[in-house]
Amino acid sequence: MTTIRLRNTRTRKVEDFDPIDPTKVRMYVCGPTVYDRAHLGNARPVVVFDVLYRLLRHVYGPDHVTYVRNFTDVDDKINAAAQARKAAGDPRSLEDLIRERTEETIRWYHDDMDALGALRPTVEPRATDYIGQMIGMIEGLIAGGHAYAKDGHVLFRVRSYKDYGKLSGRSVDDMIAGARVEVAPFKEDPMDFVLWKPSDADLPGWDSPWGRGRPGWHIECSAMSHELLGESFDIHGGGIDLQFPHHENEIAQSACAHPHGDFARVWMHNEMLMVEGKKMSKSLGNFFTVRDLLDQRIPGEVIRFVFLSTHYSKPMDWTDRRRQDATATLKTWFRMTDGVPKGEVPVGLVDILANDLNTAFSISKLHELANEGEYSALKASMSLLGFPDAEQIDWFRHGAGLSGAENLAEHAEILHELLTKWQDLRNARDYAAADSLKQSIEACGLKLSAGTVPSAEPTEDFDPAKLEALK
RNA sequence: GGCGGGUUGGCGGAGAGGUUACGCAGCGGAUUGCAAAUCCGUGAAGACCGGUUCGAUUCCGGUACCCGCCUCCA
């Protein structure tokens with residue numbers, strides 16, 4: 001059997017993966033807080049751990065892997081979104097508004113992640129369905145001396161867990177010296193973090209031994225992973241930004257609540273996403289969602305390809321250039337594998353993925369399969385990496401994909417239609433009609449180019465009104 | 001301030017202590033309504049300074065620079 005090797009953040013080493021029970025491999029990945037569309041950065045862990053999930057299924061069998069990814073549907077950002085709508089005059093109750101918002105966001109999330117080719121996890125628990133387990137866990141922590149109630153709050157006593165800070169390589173004393181911690185009157189120690197907090201009448205709340213309130217961030221993952229995967233499970237994943245404090249706190253809670261378990265044995269973290277060399281942020285104006293890209297007719301598999309071309313442990317740069325390269329490569333591969341029977345995944349490729357998920361190297365191997373004419377193997381390999389079969393999609397047959405020019409994005413639909421038609425006419429060797437169509441498009445002030453993917457570049461004479469008139 | 005990641009050819013991006021990464025672009029050629037697609041061939045690298053070694057881009061140390069987390073945003 002293939003030995004999978006994974007980098008464990010806890011030990012800072014790449015280790016042989018040795019599941020507790022090979023017939024029941026268990027993985028937990030931190031999912032989204034459902035208050036808005038997922039941005040591109042949110043999608044990276046989804047794709048990274050989807051590849052791991054596929055690899056685990058390939059090695060241990062599809063029925064022997066349990067993948068849990070939560071929806072955090074209780075959070076102050078969600079409350080704020082609902083309160084804003086209520087303030088704007090919506091007559092419905094806060095609870096109804098919250099429910100509507102979280103349900104809608106979960107639908108969006110599914111739509112967007114499905115488009116990236118991510119398999120649905122085995123279980124997708126919602127935090128609000130596990131409030132009882134959270135309360136039970138908090139009670140246990142208090143009984144064990146690891147937490148204390150004060151003024152309607154319950155706090156975790158960080159000093160009661162000697163390994164606190166081990167995952168992220170921090171010491172409690174150093175962090176306090178850094179003085180960047182919230183000092184609150186109800187805290188024994190500045191590093192103590194909230195397990196439960198009181199809710200006033202304007203906030204959602206649940207009855208608890210400490211009064212009506214709601215859980216703090218962190219406890220939901222500890223409670224749900226315990227309920228669904230047990231005291232000890234194999235892999236816990238998420239973005240590197242979650243390493244501290246989220247995962248550190250999860251470990252502290254779970255280790256103290258279940259001292260006989262190991263909690264998660266392997267901790268995996270993906271590095272961050274950047275856009276054109278910079279962190280994605282609203283202030284830089286380079287912030288966008290997965291849906292924004294899909295709406296620009298960028299296929300989900302192209303986004304996936306760009307993600308996989310960088311190892312998960314390195315920052316990944318989303319650039320328009322890489323998007324174009326990925327489009328061209330996938331287009332070639334889909335043409336090669338269209339209608340070809342699916343063969344076997346080469347052992348060498350599985351070994352490459354098993355070596356700490358080296359997706360970037362695996363892509364070079366796919367290039368080699370393509371160069372050698374091994375199209376059946378290429379097709380199977382693409383499937384393992386989560387790409388659709390050529391027969392399931394059709395953009396590669398005629399074109400699609402636009403130049404990334406920002407000022408064309410809002411005309412994506414009409415341009416896509418026109419470019420597709422142009423390509424189809426050329427494919428049909430109807431050059432008279434193709435050239436005539438080209439002339440009418442270029443009359444709008446666009447320059448067409450028959451590249452790997454037909455594209456349109458705006459000139460200084462670009463007139464959007466004329467373009468829309470071509471509809 | 002604390003912790004962590006990175007620096008490879010024009011661009012993106014890997015593996016391996018000694019042998020071609022790979023892709024894109026470029027260049028030469030074939031083919032082709034096409035500015036395309038396809039096919040054949042081809043040049044080009046390892047931030048800086050030391051150390052270990054018969055030999056390092058690959059191991060070790062230092063320097064410089066870049067980036068992220070520690071704070072609501074993944």
Side-chain angles (χ1 to χ4, degrees), chain A residues 7 9 12 30-33 35-36 38-46 48 72 75-77 80 165-182 191 217 238-248 269-274 277-283 287 305-306 308-319 321-333 335-336 351-352 355 358-371 373 396 399 422-423 425-427 429-432 434-435 438 447-455 457:
Chain A
R7 173 168 290 276
T9 308
R12 318 278 145 122
C30 288
T33 298
Y35 70 103
D36 207 349
H39 65 235
L40 194 62
N42 291 316
R44 171 117 105 138
V46 174
V48 166
T72 296
D75 182 274
D76 287 348
K77 288 189 289 284
K166 206 172 169 188
L167 177 76
S168 51
R170 296 152 203 257
S171 82
V172 175
D173 293 327
D174 285 350
M175 285 186 283
I176 291 173
R180 280 177 152 172
V181 289
E182 182 194 0
M191 288 307 295
W217 187 37
I240 188 71
D241 53 298
L242 296 177
Q243 185 187 27
F244 185 88
H246 185 56
H247 290 163
E248 198 71 72
H269 292 98
N270 62 274
E271 254 292 348
M272 308 298 276
L273 174 125
M274 303 199 296
K278 292 178 178 155
K279 181 184 172 175
M280 184 165 76
S281 71
K282 287 174 180 168
S283 56
F287 183 96
F305 188 101
V306 173
L308 298 187
S309 62
T310 299
H311 191 258
Y312 76 87
S313 65
K314 289 190 175 184
M316 199 219 79
D317 199 12
W318 173 269
T319 66
R321 173 61 190 275
R322 297 185 69 186
R323 188 221 97 216
Q324 291 178 40
D325 288 354
T327 306
T329 300
L330 279 177
K331 184 170 182 176
T332 303
W333 288 357
R335 281 178 178 167
M336 288 173 169
D351 289 343
I352 286 167
N355 183 17
N358 197 341
T359 53
F361 193 31
S362 76
I363 284 176
S364 75
K365 292 300 170 189
L366 265 61
H367 277 298
E368 287 178 14
L369 292 175
N371 290 338
F396 67 91
W422 181 48
Q423 177 75 22
L425 287 170
R426 286 161 62 233
N427 287 347
R429 307 181 77 83
D430 185 351
Y431 302 118
D435 289 346
K438 181 187 176 190
K447 175 94 179 80
L448 293 197
S449 156
T452 309
V453 172
S455 63
E457 293 285 344

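Quick caveat: nothing in here was measured; it's all calculated off a predicted structure.
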Separation of B/U7 atom P from A/H311 atom NE2, nearest Å, is 13 Å
Against the side chain of A/F244, the closest entry in B/C73, B/C70, B/A14 is B/C70
Are more than 12 heavy atoms from other residues, nucleotides or ligands located less than 6.0 Å from atom CZ of A/R12? yes
Among the candidates B/A21, B/G68, B/G13, find the nucleotide nearest to the side-chain atoms of A/K279. B/G68
So A/R44, base contact, sugar-phosphate only, or nothing? Heavy-atom distance under 4.0 Å. nothing
Please confirm whether A/K77 makes a cation-pi placement over A/Y35, using NZ or CZ under 6.0 Å from the six-membered ring centre and within 45° of the ring normal. yes
Indicate whether any N or O donor in one side chain lies under 3.5 Å from an N or O acceptor in the other, for A/R170 and A/S168. yes
Consider the side chain of A/R322, meaning its heavy atoms from C-beta on, and name the nucleotide among B/C22, B/U38, B/G12 that approaches it most closely. B/G12
Using a 4.0 Å heavy-atom cut-off across all strands, classify A/R170 as base, sugar-phosphate, or nothing. base
So what does A/K365 hit on the nucleic acid, given a heavy-atom distance under 4.0 Å: a base, only sugar-phosphate, or nothing? nothing
Does A/T332 place a side-chain N or O at less than 4.0 Å from the phosphate oxygens OP1/OP2 of B/U38? yes
Nearest-angstrom distance from the residue atom NZ of A/K314 to P of B/G5: 12 Å
Side chain of A/R321 only, please: which of B/G10, B/C22, B/C34 is the nearest? B/G10
Which nucleotide in B/A21, B/C24, B/G4 has an atom nearest any side-chain atom of A/E368: B/A21
Between B/A14, B/C73, B/A37, which nucleotide has the shortest distance from any of its atoms to the side chain of A/Y35? B/C73
Side chain of A/T310 (C-beta onward), nearest among B/U38, B/A21, B/A14: B/A14
Which one, B/G15, B/G5, B/C22, comes nearest to the side chain of A/N358? B/G15
What's the shortest heavy-atom distance between A/L167 and A/Q243, and which atoms? O-NE2, 3.2 Å
Minimum-distance nucleotide (side-chain atoms of A/H39 versus B/C22, B/G5, B/C73): B/C73
